[in-house]
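Accompanying notes for the structure given below.
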Protein chains: 2
Amino acid sequence: MTGNINAQKQNNMTSKRPTIRDVAQFAGVSHQTVSRVINQYERINPDTRKKVEDAIEALGYHPSAIARSMSSGGTRTFACISPNLTDFTFASMIEGAEAYAREQGYFLISATAPDALSFKTLVEQLVQSRRTEGLLVINPYADKRYLYLPKDVPVVLMGARPRTKGLASVALDDKQGGYLATKHLLSLGHTQIALISGPLEEDCVQDRINGYKKALHEAGLAFDKELISSGDWSATSGQSCIENLIKQGTKFSAVFAQNDRMATGAIHFLQKIGWHIPEDVSIVGFDDMPLSSYFNPSITTIRQDIPILGINAVRLLINKKEDPCEEIQQLLYTPELVIRDSTSEYIQRR
Amino acid sequence: MTGNINAQKQNNMTSKRPTIRDVAQFAGVSHQTVSRVINQYERINPDTRKKVEDAIEALGYHPSAIARSMSSGGTRTFACISPNLTDFTFASMIEGAEAYAREQGYFLISATAPDALSFKTLVEQLVQSRRTEGLLVINPYADKRYLYLPKDVPVVLMGARPRTKGLASVALDDKQGGYLATKHLLSLGHTQIALISGPLEEDCVQDRINGYKKALHEAGLAFDKELISSGDWSATSGQSCIENLIKQGTKFSAVFAQNDRMATGAIHFLQKIGWHIPEDVSIVGFDDMPLSSYFNPSITTIRQDIPILGINAVRLLINKKEDPCEEIQQLLYTPELVIRDSTSEYIQRR
DNA sequence: CTGAAAGCGCTAACAT
DNA sequence: ATGTTAGCGCTTTCAG
């Protein structure tokens with residue numbers, strides 16, 4: 001490596017990094033005094049402090065996080081386990097969480113576990129080795145992975161409400177979201193509203209379905225199982241869902257897709273077979289992913305402020321760490337409807 | 001917390017976690033022998049090993065990663081710094097990197113630095129505290145942040161080629177990508193090809209422009225600065241770019257957008273003003289983001305296997321850590337063209 | 001093949 | 001306000 005490298009400050013002969021003792025010796029004080037200085041201890045003689053600070057500067061000293069962890073116990077590290085990092089919703093939550101964690105002096109290890117078994121292994125590695133002081137978990141109810149949540153470290157569930165009272169969480173009010181989406185379609189005069197859901201075993205899916213049912217109920221409409229088809233959140237699955245509904249002869253003038261990707265797939269399929277959106281079918285999505293407004297037509301959807309979830313998850317984690325006895329909080333955030341071009345008034349026609 | 005909790009294995013009175021010494025005492029050996037067992041040391045008496053393993057099992061012992069780091073030096077942790085976590089390309093690289101790192105026994109701290117100053121701070125926190133044994137960096141040339149790359153820890157640049165010989169990197173062959181995209185449009189008969197670029201200060205942008213120029217040159221066409229407009233990778237900026245080109249009266253029958261999001265924005269704008277894609281304008285994107293095939297029209301683009309970049313970045317990092325003297329590698333991956341519906345033959349008309 | 005001693009770099013708990 | 005003494009839980013080094 002060439003170029004102008006900053007002059008390395010090292011007054012030692014050795015190439016090793018200076019320790020607290022080197023600093024102490026250089027400053028002519030005890031290593032404990034140095035420790036006090038770097039830990040912002042109040043009652044220190046200004047002169048002493050100055051000497052120590054100069055020594056730190058002169059030697060280019062930086063405390064070792066490892067050694068600190070070793071003697072004080074805390075690693076100042078949290079971990080986040082999610083099924084993947086590419087899902088926009090997950091990425092946004094993690095981004096929010098990481099930024100806030102660092103602001104509070106914590107680093108975030110992010111790791112992915114696609115299934116229950118890898119989740120179990122991961123938790124063990126993370127927790128048993130005492131690398132982390134807290135765990136953020138996304139989607140533990142997708143399968144059996146919630147069984148492997150650790151008991152000896154604070155855990156906050158992120159992006160979904162928990163099934164038990166005992167687990168802290170930060171989530172979106174999915175029922176309300178489903179309700180808003182459905183209500184919007186009802187208000188446009190649609191009465192046959194197909195539902196493209198995520199995997200039925202996920203709680204947020206059930207919540208969104210419950211919101212859908214609630215809106216139907218309020219409108220005096222019966223719930224019809226025929227109108228539901230379940231995908232896996234992917235655009236491809238949205239495509240197959242709508243295809244299946246049509247093949248089985250289900251009639252509908254509107255679709256509520258439980259995320260924007262599936263909405264996208266559904267729109268794609270319908271356009272391919274010559275239907276027009278929203279003239280022939282109105283479609284509402286969920287999430288308001290960044291590109292939703294750029295589709296043709298742009299997608300009416302349910303918006304949530306996702307990074308906020310991550311930020312507050314970390315806030316809960318820190319609370320829980322600092323005061324383990326504190327009451328367990330389960331936060332719920334209310335989403336809003338964003339109306340775009342994929343929905344319009346119902347017109348009797350096909 | 002209720003429910004059936006696994007019986008905790010603890011034969012000690014204390015509630016503290018067992019240490020290597022507790023295991024040693026329980027097994028009737030020295031703590032050193034226990035250390036050897038957990039470190040897969042070969043020459044150990046099978047009986048002794050059995051006794052130790054039983055003790056570990058009985059006590060529910062797990063080694064402390066902190067203590068190990070403390071005495072051996074290594075933290076088995078890498079860190080990745082990227083501008084954000086939500087960009088699909090970044091997320092994919094990180095996902096690949098994290099998975100491979102963990103496979104190799106390393107955890108990955110991922111952190112974001114939106115600008116040079118926060119990058120500097122972050123690197124200092126990460127490196128000077130000796131939390132990490134290696135650094136993966138995305139996009140260090142977006143601004144001055146490359147100046148703050150650490151010198152005392154292995155670094156691998158991810159997703160862009162470096163400006164100097166001295167930096168290991170794993171990147172896509174952007175020039176080749178730009179070449180393929182342009183060549184495709186040329187082969188369809190287009191000769192006026194607008195270019196919506198990313199920020200000009202990013203190297204991959206220049207490389208893609210160079211590929212564009214190369215293809216034009218091969219076709220005997222002159223390069224026209226008027227045809228270029230620069231955005232910031234966002235769909236919104238793609239929209240403004242195309243709007244500006246049209247407003248300034250630039251004629252074009254095709255567009256090469258340097259990423260799919262900007263292509264999306266461009267398509268959106270053109271459709272809004274009544275143009276048809278690809279009849280009036282052909283458009284090629286870059287990246288093949290997951291939804292590119294679901295747009296209307298689906299987007300012709302340049303595809304790259306992104307997780308591979310992350311995986312190999314970690315591979316280089318481990319190589320470099322294990323043998324610091326090894327020759328510095330700069331890997332380049334060749335992308336491919338994916339033809340969809342946003343491009344078609346040139347027809348003389350407007 | 002196994003054990004004893006030393007120390008990684010820091011903080012905590014006393015002393016002064 | 002500062003110094004001294006002990007570890008934190010492990011690996012390394014050197015003896016046996």
Side-chain angles (χ1 to χ4, degrees), chain A residues 12 14-53 55-56 59-77 105 127-133, chain B residues 12 14-53 55-56 59-77 105 127-133:
Chain A
N12 270 353
T14 78
S15 65
K16 297 201 61 176
R17 306 179 74 147
T19 75
I20 203 173
R21 291 193 144 84
D22 298 324
V23 176
Q25 193 179 353
F26 190 96
V29 297
S30 83
H31 66 117
Q32 187 45 236
T33 303
V34 178
S35 175
R36 289 191 182 102
V37 170
I38 63 181
N39 285 294
Q40 325 279 20
Y41 187 73
E42 294 294 309
R43 281 163 295 178
I44 280 188
N45 185 314
D47 291 355
T48 314
R49 171 175 309 238
K50 179 83 174 69
K51 272 192 299 184
V52 172
E53 281 168 349
I56 287 174
L59 265 44
Y61 166 79
H62 297 282
S64 152
I66 306 296
R68 283 182 146 170
S69 301
M70 185 74 197
S71 53
S72 65
T75 57
R76 306 297 290 180
T77 305
V127 174
Q128 294 175 344
S129 67
R130 272 149 290 179
R131 284 171 183 280
T132 173
E133 299 193 65
Chain B
N12 271 353
T14 78
S15 65
K16 298 201 58 175
R17 304 180 76 149
T19 75
I20 204 173
R21 292 192 144 85
D22 298 325
V23 176
Q25 193 179 354
F26 190 96
V29 295
S30 83
H31 66 118
Q32 187 43 235
T33 303
V34 178
S35 175
R36 289 191 181 100
V37 169
I38 63 182
N39 286 294
Q40 325 279 20
Y41 187 74
E42 294 294 308
R43 280 162 296 178
I44 281 188
N45 185 315
D47 289 356
T48 314
R49 167 172 311 226
K50 179 81 174 72
K51 271 192 298 185
V52 171
E53 281 167 348
I56 288 173
L59 265 43
Y61 166 79
H62 297 283
S64 153
I66 306 296
R68 283 183 146 170
S69 300
M70 184 74 197
S71 51
S72 66
T75 58
R76 305 298 290 182
T77 304
V127 174
Q128 295 175 344
S129 66
R130 273 147 289 178
R131 283 170 185 282
T132 171
E133 298 192 66

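Chain naming here is simple, since letters A, B, ... match the order of the sequence lines and numbering starts at 1 in each.
- A heavy atom closer than 4.0 Å to some atom of DNA chain D occurs in A:Arg43, A:Ile44, A:Asn45, these being the qualifying members of residues 39-47 of chain A.
- For A:Gln25, there are no side-chain contact (heavy atoms from CB on, under 4.5 Å) partners two or more places apart in sequence or in a different chain.
- A:Glu133 has its side chain within reach of A:Thr75: a pair of non-hydrogen atoms, C-beta onward, lies under 4.5 Å apart.
- To the nearest 0.5 angstrom, B:Ser69 atom OG is 12.5 Å from B:Arg130 atom CZ.
- In this view, A:Arg76 and A:Tyr106 satisfy the side-chain hydrogen bond (donor to acceptor under 3.5 Å, both in side chains) rule, not counting sequence neighbours.
- Interatomic distance, CZ of B:Arg43 versus CZ of B:Arg49, reported as 12.0 Å (0.5 Å rounding).
- With contacts defined as side-chain heavy-atom distances shorter than 4.5 Å, the pair B:Val29/B:Arg36 does not qualify.
- Axis angle between the ends of the helix from C:dC1-D:dG16 to C:dT16-D:dA1, five pairs each and rounded to 10 degrees, works out to 30°.
- Contacts of residues 64-71 of chain A with DNA chain C (heavy atom under 4.0 Å): A:Ser64, A:Ala67, A:Arg68, A:Met70, A:Ser71.
- First and last contacting nucleotides of DNA chain D toward chain B (any atom under 4.0 angstrom from a heavy atom, 5' to 3' order): D:dG9 to D:dT12.
- Across every non-hydrogen atom of A:Arg17 and B:Val127, the tightest pair is NH1-O, 3.9 Å.
- By the side-chain hydrogen bond (donor to acceptor under 3.5 Å, both in side chains) test, B:Thr48 is found to be paired with no residue, residues two or more places apart in sequence or in another chain being considered.
- Taking the nucleotide of DNA chain C with the nearest heavy atom to each of B:Thr48 and B:Arg130, the more 5' of the two is matched to B:Thr48.
- When side chains are defined from C-beta on, A:Val37 counts as touching A:Glu53, because their heavy atoms get closer than 4.5 Å.
- In this structure B:Ser30 satisfies the side-chain hydrogen bond (donor to acceptor under 3.5 Å, both in side chains) test together with B:Thr33, sequence neighbours excluded.
- A search for side-chain hydrogen bond (donor to acceptor under 3.5 Å, both in side chains) contacts involving B:Ser35 returns B:Asn39, not counting sequence neighbours.
- A donor-acceptor pair under 3.5 Å is absent between the side-chain atoms of B:Thr77 and the main chain of B:Thr132, judged by distance alone.
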Name the atoms and distances for all side-chain donor-acceptor pairs under 3.5 Å in residues 59-67 of chain A, with sequence neighbours left out.
residue	atom	partner	partner atom	Å
A:His62	ND1	B:Gln128	OE1	3.1
A:His62	NE2	B:Gln128	OE1	3.4
A:His62	NE2	B:Gln128	NE2	3.2
A:Ser64	OG	A:Ile66	N	3.3
A:Ser64	OG	A:Ala67	N	3.0

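- Scanning both residues, B:Ile20 and B:His31, for their nearest heavy atoms gives CD1-O, 3.6 Å.
- Between A:Ala27 and A:Ala55, the closest heavy-atom pair is CB-CB, 3.8 Å.
- For DNA chain C, the span of nucleotides reached by chain B at under 4.0 Å from its heavy atoms goes, 5' to 3', from C:dC1 to C:dG9.
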